[in-house]
Amino acid sequence: DTEVTQTPKHLVMGMTNKKSLKCEQHMGHRAMYWYKQKAKKPPELMFVYSYEKLSINESVPSRFSPECPNSSLLNLHLHALQPEDSALYLCASSQDHWRVDLPLHFGNGTRLTVT
Amino acid sequence: QQPVQSPQAVILREGEDAVINCSSSKALYSVHWYRQKHGEAPVFLMILLKGGEQKGHDKISASFNEKKQQSSLYLTASQLSYSGTYFCGTDLIQGAQKLVFGQGTRLTINP
């Protein structure tokens, strides 16, 4: 069982809908990440939060809006998505974004389908 | 800059060995290795840092050649549970973790 919990597991939404993905960890980690993974491709970094502040935005379209209400919780708000945004969205956490010797702990992901 | 993994896919019989390579055209500060089974989260295997060290646990080990900007993952006497897609992730920024993953190597272990 993963220690990073993502909800929902599956989400189907229309292009005009607004929805949110949720990620939670209780390991005391201070860095949280959103990755996008298309089928048979590697995870691609979208956003990094470090100590609850947005540290990295990999030029992600504004229809994706991240939020980190506290150190345990990470949300990804979705609005006016396109069918090509359908993918597995992975949340990850690590103890400290500023150290490269620490592993990422991934959640099981939310499989998003945009119709 | 995405690291390049080779081979793209490997099919083995249980008990055989495998080597997966990861190379970068940029200087590396660390190399991470993860395994992802179908429909599951990537699972951390190990991290190698600058200094050419080698790490291992159980029958999985890895090396990091800083000068060649390469890392290799060695799976010895493979087990059915080793099946999955292996990703290397590289840090190109000193002092911050911003992993860029290779395209993955799909490993299939048959009985």
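Throughout, a chain's letter reflects where its sequence line sits, starting with A, and its residues are numbered from 1.
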Tyr34(B)-Phe106(A) aromatic ring centre distance below 6.0 Å:
yes

Counting heavy atoms not belonging to [X], are there more than 12 under 6.0 Å from its [atom1]?
X	atom1	answer
Lys37(B)	NZ	yes
Arg106(B)	CZ	no
Lys68(B)	NZ	no
Leu54(A)	CG	yes

Between Tyr35(A) and Leu99(B), does a side-chain contact (heavy atoms from CB on, under 4.5 Å) hold up when you go through it step by step?
CA-CA 10 Å; Tyr35(A) 279 86; Leu99(B) 280 186; 3.7 Å; yes

Of all heavy-atom pairs between [X] and [Y], which one has the smallest distance, and what is that distance?
X	Y	result
Ala41(B)	Gly107(A)	CB-O, 2.9 Å
Phe101(B)	Pro43(A)	CD1-O, 3.5 Å
Phe87(B)	Gln37(A)	CZ-NE2, 3.8 Å
Pro42(A)	Gln2(B)	CG-NE2, 3.4 Å

If Ile, Leu, Val, Met, Phe, Trp and Tyr residues are connected whenever their side-chain heavy atoms lie under 4.5 Å apart, and connections chain through other members, are [X] and [Y] in the same group?
X	Y	answer
Val43(B)	Ile60(B)	no
Leu104(A)	Leu21(A)	no
Phe64(B)	Trp33(B)	yes
Leu102(A)	Leu49(B)	no
Leu112(A)	Met15(A)	yes

Under 3.5 Å donor-acceptor, Tyr29(B) side chain and Asp101(A) backbone:
no

Output the residues of residues 57-94 of chain A for which the shortest heavy-atom distance to chain B is under 4.5 Å, in residue-number order; output 'none' if no such residue exists.
Glu58(A), Leu88(A), Leu90(A), Ser94(A)

Does any heavy atom of chain B fall under 4.5 Å from the side chain of Gln6(A), the backbone, both, or neither of them?
neither

Tell me, for Leu45(A) versus chain B, whether the close heavy atoms (under 4.5 Å) come from the side chain, the backbone, both or neither.
side chain

Flag the one option from Gly39(B), Gly89(B), Ser30(B), Pro42(B) with the top tally of heavy-atom pairs under 4.5 Å to chain A.
Pro42(B)

Between Ile56(A) and Lys98(B), is a side-chain contact (heavy atoms from CB on, under 4.5 Å) present by the stated rule, with each step listed?
CA-CA 9 Å; Ile56(A) 293 177; Lys98(B) 183 182 171 183; 3.9 Å; yes

Atom pair CZ/CD1 of Arg99(A) and Ile47(B) - distance to nearest 0.5 Å
9.5 Å

Gln103(B) vs Lys40(A), side-chain contact (heavy atoms from CB on, under 4.5 Å): CA-CA, chis, key distance, verdict
CA-CA 8 Å; Gln103(B) 79 275 25; Lys40(A) 298 187 179 182; over 6 Å; no

What part of Leu45(B) gets closer than 4.5 Å to chain A, counting heavy atoms only: side chain, backbone, both or neither?
neither

